[in-house]
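Shown next, in structure tokens, is the structure this report addresses.
Quick note: residue numbers are just sequence positions, from 1.
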Amino acid sequence: MTSATQAYTYAAPSSLVGGRLGLATSGGRALSGPVVAPRFFSGVVTQAAPAAAALLGVADVALARYHQPQARPGWVRDPVVTCNGDRLRFESFSACGGVYARLDLLSGALDGEVFDRGTTNVDVNAPLREALARVGARDPLHLGVGLDELVVTTMDGAVVEKKVPLPERWLRGFAEVQVIASGMDQRGELTGMTAVRFLRGLPRKGTVWVTQAGREPKVSDRRVPGSVRLADPGRLGTLLPLLRFAKSLRVYGPADAASDAASSAWELELPGMRYTLALSPERWRGFSGEGAVLDDLATDEAEDDADVVGMLLNFEPEVEIGLLADRAGMPADRVRAALTRLGVAGRVGYDLSEAAHFHRELPYDRDNVIVLNPRLAKARRLVEAGAVRVDGESVTVRTPGGERRVSLADGSCTCEWWWDHRGSRGPCKHVLAARIVARAAVEVSP
């Protein structure tokens with residue numbers, strides 16, 4: 001597994017002093033283009049205590065390795081913040097690649113001035129974490145995302161530099177989780193003390209299935225119709241400190257719940273904000289290998305469509321597919337495929353509560369789509385080598401290990417990957433290669 005290196009440079013460390021929370025920003029992208037240290041927002045957070053606790057939760061996920069925990073923390077990836085104009089979104093991803101966290105500070109929790117829209121990293125250091133943990137219900141909290149020139153000048157010489165490895169698996173996971181979330185439906189909602197009792201009563205380890213019967217949740221050790229899989233419930237730990245502020249807990253699972261192994265998402269509604277966790281199907285299983293993006297990436301037109309759609313994005317808090325389709329002059333299904341490719345490049349996320357994509361620009365290299373999806377790269381090599389022969393709905397793919405038979409009708413294959421996963425982790429390289437060739441044949445036919 002290879003790693004890229006992310007260099008963070010901050011004009012000064014983030015700090016919380018006298019009720020003023022200054023989050024230092026690193027390089028990112030704004031409406032005006034690339035910015036070394038963007039300044040997005042300055043104003044009051046009207047709900048200080050839940051905001052501080054939830055921001056600390058996002059930082060905790062970035063620090064965590066839920067699978068094979070290390071005795072000492074490894075490299076910490078700084079959280080990402082996006083200003084969409086009417087809200088601030090803070091995102092992080094666990095080091096093990098199996099847990100995604102996001103805090104959405106909505107307009108009801110913010111009162112201040114927006115200087116620009118865009119995305120950047122923010123410095124969350126140990127002293128800041130300690131200060132956030134001490135914020136009380138009556139404490140004032142002024143938030144600045146990006147330091148003003150006066151603060152930078154008074155902290156001359158306090159430049160903070162970090163170099164952090166970003167494994168391909170981790171980068172792919174950040175993309176996959178958005179696509180997986182877009183295929184989820186809300187499966188339950190618990191309010192008040194019902195949500196508190198449920199979360200506090202969960203086991204720390206193992207796998208359970210959760211369903212909602214009336215107002216009460218039901219926890220089972222086996223899958224039942226309509227249930228949501230929850231593997232290793234201890235990964236929901238960052239929700240617990242927020243329960244005293246929670247209005248409700250929403251539970252999301254895949255729209256197609258036929259699989260025994262599926263991801264889930266858990267969203268706390270807080271005063272003026274939302275805190276969301278998405279969990280991979282197993283503690284040891286990161287989002288990077290789920291393969292949810294591969295079919296959309298395999299189309300040749302997706303790359304060109306993504307260029308067109310990407311130029312139309314403007315850091316909107318909600319991407320309207322119908323409006324984009326009209327503006328881009330293409331069908332809605334191609335817009336969705338383009339959004340998938342943009343997601344792989346870190347340019348869109350997905351909001352479960354609003355069932356909509358949002359524009360953001362992850363401050364990582366977005367030119368390695370194929371490199372970050374090795375199955376797709378291998379499939380294209382098979383196509384280029386002329387190893388794929390299509391005969392109606394049946395396809396033969398020649399490999400060094402022998403011929404593989406692919407059924408276009410159900411996406412099955414005779415390779416070991418398909419027999420191990422039966423499509424639960426996306427198509428194998430042989431199925432991808434078969435679909436690429438079959439699509440090409442349709443396009444050239446009269």
Side-chain angles (χ1 to χ4, degrees), residues 168-169 172-173 175-180 182-183 254-256 258-263 281 285-307 330-345 368-446:
E168 288 181 6
R169 181 173 181 267
R172 291 201 309 271
E176 293 277 359
V177 71
Q178 310 300 332
V179 180
I180 291 170
S182 68
D256 179 7
S259 174
D260 281 339
S263 303
R285 183 170 158 181
F287 281 104
S288 64
E290 296 308 289
V293 301
L294 294 175
D295 273 326
D296 283 334
L297 293 183
T299 63
D300 291 333
E301 65 186 5
E303 183 173 3
D304 294 335
D305 289 350
D307 289 339
M330 65 180 66
D333 60 336
R334 283 175 55 187
V335 171
R336 291 188 182 93
L339 288 173
T340 296
R341 192 173 185 97
L342 291 170
V344 172
N368 296 320
V369 175
I370 302 303
V371 174
L372 295 182
N373 289 277
R375 260 184 277 167
L376 180 55
K378 292 175 183 178
R380 288 188 167 166
R381 285 198 292 269
L382 288 171
V383 174
E384 292 167 0
V388 182
R389 185 176 72 252
V390 179
D391 183 14
E393 289 295 310
S394 180
V395 181
T396 301
V397 182
R398 297 192 314 274
T399 73
E403 291 188 344
R404 309 300 184 199
R405 301 288 293 178
V406 171
S407 170
L408 291 174
D410 60 9
S412 63
C413 182
T414 57
C415 71
E416 293 180 357
W417 172 271
W418 190 86
W419 286 104
D420 286 344
H421 302 292
R422 303 296 179 107
S424 66
R425 304 192 73 178
C428 66
K429 61 184 179 183
H430 313 108
V431 171
L432 282 171
R435 289 173 177 169
I436 291 172
V437 172
R439 268 195 295 265
V442 171
E443 290 172 359
V444 300
S445 62

Next item on the list: Drop me the distance from W417's CH2 to K429's NZ, to the nearest 0.5 angstrom.
Entry: 11.0 Å
Notebook entry, point to check: By side-chain contact (heavy atoms from CB on, under 4.5 Å), which residues pair with E393, not counting sequence neighbours?
Noted result: L408, A409
Check: Which heavy atom in V335 sits nearest to a heavy atom in M330, and how many Å separate them?
Finding: CG2-CG, 3.5 Å
Note to self: Testing the basics here: between P254 and A262, what is the closest heavy-atom pair and its distance to 0.1 Å?
What the structure shows: CG-CB, 3.6 Å
Notebook entry, point to check: Taking only residues two or more places apart in sequence or in another chain, which ones pass side-chain hydrogen bond (donor to acceptor under 3.5 Å, both in side chains) with R405?
Noted result: S394, T396
Next item on the list: Would you name the heavy atoms of A434 and V388 that are closest together and state the gap between them?
Entry: CA-CG1, 4.1 Å
Notebook entry, point to check: Under a 4.5 Å cut-off applied to non-hydrogen side-chain atoms, are V437 and V395 in contact?
Noted result: no
Margin query: List the residues meeting side-chain contact (heavy atoms from CB on, under 4.5 Å) with A385, not counting sequence neighbours, and say none if there are none.
Written below: none
Item checked: Test item: R398 side-chain N/O and G386 main-chain N/O as donor-acceptor pair under 3.5 Å -> yes
Check: Which heavy-atom pair separates T414 from R404 by the least distance, and what is that distance?
Finding: OG1-CA, 3.4 Å
Next item on the list: List the atom of V431, the atom of S412, and the distance in Å for their closest heavy-atom pair.
Entry: CG2-O, 4.0 Å
Checklist line | Heavy-atom closest contact (G411 atom, R435 atom, distance) | finding: CA-NH2, 3.6 Å
